[in-house]
Number of protein chains: 2
Amino acid sequence: MLTERQRMILNAIVDDYIRSAEPVGSRSISKRGDVGYSPATIRNEMADLEELGFLEQPHTSAGRIPSHKGYRYYVDHLVRLDNLSIDEVGRLKSVFAEKITAMEEIVQHTASILSQLTNYTSIALGPEVFNASLRHFQLLPLNEETAVAIVVTNTGHVENKTVPIPPGISASELEKVVNVLNTKLVGVPLFKLRAQLYNEIGQELSKYVSHVQEMMTMVESILADDSSHREVYLSGTTNILAQPEFQDVDKIKTIWELLEETPALIKVVGSAPTGIQVRIGQENLHEAISNCSMITATYTIDGQTLGTIGVLGPTRMEYGKVINMMNHLSGQLALFMRRWYK
Amino acid sequence: MLTERQRMILNAIVDDYIRSAEPVGSRSISKRGDVGYSPATIRNEMADLEELGFLEQPHTSAGRIPSHKGYRYYVDHLVRLDNLSIDEVGRLKSVFAEKITAMEEIVQHTASILSQLTNYTSIALGPEVFNASLRHFQLLPLNEETAVAIVVTNTGHVENKTVPIPPGISASELEKVVNVLNTKLVGVPLFKLRAQLYNEIGQELSKYVSHVQEMMTMVESILADDSSHREVYLSGTTNILAQPEFQDVDKIKTIWELLEETPALIKVVGSAPTGIQVRIGQENLHEAISNCSMITATYTIDGQTLGTIGVLGPTRMEYGKVINMMNHLSGQLALFMRRWYK
DNA sequence: GGTTAGCACTCGACTGTGATGAGTGCTAAC
DNA sequence: GTTAGCACTCATCACAGTCGAGTGCTAACC
């Protein structure tokens, strides 16, 4: 659809603009050397590219800047995935070289390194516990009225919650309940827990315990929100302040308000498909970042998506570099996951 | 030290400036009515107050703004603690009216309400676990190589960590270790755990288990950082963007970088003494907020400080309103703590 | 026909100037 | 001790003029 020369020029403009954040003129492209034409020729092509919707002109006597469509074409057809520097590879690997502690930490740490290397903001969604299964259930009374409930999944994820103990229930009864739940529910996927609870546990419990109904509602309240709960890790949120396009306090505010709002973030980042995904401008699912780009990578185990790591920056993002890092990271994460879950 | 008239004028200037964020002139004070003097008289007093260091003048032909010393005097001697509105009291109480779940949630929720009511940023330090004692210890193997360790305190706080299992240790041995630890260590304050571990547990363990040394290092690594670990909850971080003094991206950046750095925050907020504390400008312990004010309140149990909740805003803060809220909150929190810990 | 030099034109960014007005300090009168 | 009056200061704003980067178009060139 575009001629080779048009592609070269578009590529040059996007590259220059990404570096300088300033409209690119015909003369500066001609001088670069890799496009061997005079400014006049380039101007003609630029006019064509603008007509086709790949470029925009802030005002008559300014150079051109890429449109969203232009960025899209650049990402899809032009971007060069230069190799990462030794230093960058090293720092990416350093995350996984550490002693394994919690998987959440790995994800969080990855986000942190990513934001440092890219100078953009990174957003990581912790592993989805939805598909995990119950590994252990525990109920520890703190006093006569409250107890701590702990749910551990087979992925090593721990959730805890303080719950009131229904009146008239003794410690020994609680213990029996915990035993029944553990023998009956261990290995059951979290999202099936509640169904299982009613089908199998109800009558079983009535053999050992008096206030069955109260116990059931208590246990249900514990299991209720665990399957949907997700951790969000932000890193490098101040990085966007260094970008010239975000010198305006209003823009910063709308973006930041999104970053503060966990559910919206989960929607924006978590909806990304498996693999590496580039969302440019309005392709994003939230108004606040309609002049940002986001590059996401999912981490999976056995083809099952666990979570997502995203980098958020201006549409004028260093796509090549970031995509590269995400690729690299994706591979490392996959390796790590395999080791982690065996 | 100040005459009654000077105090009135200083009070009027600070009040006006807090409202308008603009230098206050002699005429506008004269017109307010509560100071019944002509602009000329007020000008004379203003010149004196400036000489004494309570006021500053941005430039010759501008009005006056309070200096840090002026704010300090205002807070110490002049500020009127007007009553909170019914709505405000209601919203503050709403936090504690909810069903009690985790204490962390209460703290977090309090911070959130506080930032909404004040339109400033609030910072809450979760309860210090240092003084809590061990309620329960657990070690759940996930596979042959890793296990989840869970530490529960008597305050209902749960910490968890994934640790590698030393090679050559069987599941049944792990179980024995857990039993020994629970019988010997429950009730011991967290900060004494490690000492206790070496004094009492070592030889006890050798009766049941083969690789004692490896087990000990593993257990130690679990207990290592738990006593210093603290949660920080931020809320309303975008609120400062609405303040006219923070329209400058550079200023925003330095403040935000502080907010992103948990250890520094803990130092800044956590160093506040028991009770309500107002820190104005350079009184704060960090350069980044040397033109901010912070009002902190601690929450305690039996005179023992557990944590701190702070409100961060410009030095031009609505001291009266915020101090009032903090007072109110402090009382509510104390009540809550008593109920919570029994 | 594609390419390029030349040129008039556009328009934002910057600079300098003058007007405006809020606010002051000082003096003298009350 | 208080206040009216007045000259003075200085940030802010609107306006005009200059500059220069960059364009679009035309005509000449290969």
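Just so we're on the same page: letters track the sequence lines, and every chain starts at 1.
The closest donor-acceptor contact from the side chain of A/Arg64 to the backbone of A/Glu56 lies at 3.5 Å or more, if one exists at all.
Across all their heavy atoms, A/Lys69 and A/Gly53 have their closest contact at CB-O, 3.5 Å. A/Gly281 approaches A/Ser293 most closely through the heavy-atom pair N-OG, 3.9 Å.
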_How would you summarise protein contacts on nucleotides 9-19 of chain D per nucleotide, using B for base, S for sugar-phosphate only and - for none, with heavy-atom distances below 4.0 Å?_
BBS--------
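Residues from residues 4-16 of chain A that place a heavy atom under 4.0 Å from any atom of DNA chain D: there are none. Within a heavy-atom distance below 4.0 Å of DNA chain D, the residues of residues 26-45 of chain A found are A/Ser26, A/Arg43.
In the 5' to 3' direction, nucleotides of DNA chain C lying under 4.0 Å from heavy atoms of chain B begin and end at C/dA22 to C/dC26.
Atom CG of B/Leu114 sits about 7.0 Å away from atom CG of B/Leu92, to the nearest 0.5 Å. In this structure, CG on B/Leu241 lies 7.5 Å from CD on B/Gln247, to the nearest 0.5 angstrom. A distance of 4.5 Å separates CG of A/Leu285 from CZ of A/Arg279, quoted to the nearest 0.5 Å. One finds the OG1 atom of A/Thr298 at 11.5 Å from the CG atom of A/Leu125 (value rounded to the nearest 0.5 Å). Between B/Ile280 atom CD1 and B/Asn291 atom CG the span is 13.0 Å, to the nearest 0.5 Å. We find the CG-CG distance between A/Leu84 and A/Leu329 to be 10.0 Å, quoted to the nearest 0.5 Å.
For the pair A/Asp16 and A/Arg19, the salt-bridge criterion is met [side-chain N within less than 4.0 Å of a carboxylate O].
Stems are defined here as 3 or more consecutive Watson-Crick or G-U wobble pairs with pairing distances under 3.5 Å; those involving DNA chain C are C:1-30 with D:1-30.
Within the 4.5 Å cutoff, side-chain heavy atoms of A/Tyr120 are placed close to those of A/Glu318. A heavy-atom distance below 4.5 Å is found between the side chains of A/Leu2 and A/Leu49.
The list of ring pair (Phe, Tyr, Trp, His ring centres under 6.0 Å) pairs with a residue in residues 235-270 of chain B, not counting sequence neighbours, reads A/Trp256-B/Trp256.
Other residues, nucleotides and ligands contribute more than 12 heavy atoms inside 6.0 Å of the CZ atom of B/Arg72.
With 3.5 Å as the limit, one finds a donor-acceptor pair spanning the side chains of A/Arg7 and A/Tyr73.
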